[in-house]
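Let me begin by presenting the structure, written as structure tokens, before commenting on it.
Because only heavy atoms are used, hydrogens play no part in the values below, and waters and symmetry mates are left out as well, while side chains stay in. Just so we're clear, the structure is a prediction, and the values are computed from it rather than from any experiment.
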Amino acid sequence: MTSVSPVDPAVSIYPLPMSARRARFEARNARRHRLKLPKGHPYRSLPIWIPYKLAIIISRSQYQPS
């Protein structure tokens, strides 16, 4: 069985579980440094004012892994 690990831990801990506060922090920090968040991150293409649970639902509907 493979373990789940972040793509780039310097930018985001996604796909590991995180709180809403952590997700917003990562989004704000990535935008400040002009870095891309990994595919599937709740705030990759959404503004951080959207509630976390809604951002998760929207991001899952946008990203369909093949």
Side-chain angles (χ1 to χ4, degrees):
M1 194 164 206
T2 61
S3 64
V4 177
S5 63
V7 176
D8 186 0
V11 177
S12 175
I13 62 169
Y14 184 83
L16 298 175
M18 67 179 105
S19 66
R21 184 176 179 185
R22 174 68 189 199
R24 286 189 182 103
F25 167 77
E26 288 179 357
R28 210 175 301 116
N29 205 29
R31 290 174 185 150
R32 183 179 304 130
H33 294 291
R34 295 188 177 121
L35 299 170
K36 285 285 232 179
L37 289 166
K39 287 184 180 180
H41 190 282
Y43 292 109
R44 179 182 174 140
S45 62
L46 298 173
I48 59 172
W49 55 264
I50 293 178
Y52 183 62
K53 296 288 184 183
L54 183 60
I56 290 173
I57 293 168
I58 294 171
S59 69
R60 286 182 182 164
S61 68
Q62 289 177 347
Y63 174 66
Q64 296 297 323
S66 47

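- Atom-to-atom distance recorded for Arg22:CZ and Ser12:OG is 7.0 Å, nearest 0.5 angstrom.
- In terms of heavy atoms, Ser59 sits closest to Pro42 at OG-CA, 3.7 Å.
- Under the 4.5 Å side-chain heavy-atom criterion for ILVMFWY residues, a single connected hydrophobic cluster contains both Ile13 and Tyr43.
- Considering Arg32, Glu26, Arg31 as possible partners of Asn29, the one that fulfils the side-chain hydrogen bond (donor to acceptor under 3.5 Å, both in side chains) test is Arg32.
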List the atom pairs, donor and acceptor, that lie under 3.5 Å between side-chain atoms in residues 44-57 and the rest of the protein, sequence neighbours left out.
{"residue": "Arg44", "atom": "NH1", "partner": "Leu37", "partner atom": "O", "Å": "3.2"}
{"residue": "Ser45", "atom": "OG", "partner": "Gln62", "partner atom": "OE1", "Å": "3.0"}
{"residue": "Tyr52", "atom": "OH", "partner": "Met18", "partner atom": "O", "Å": "3.2"}

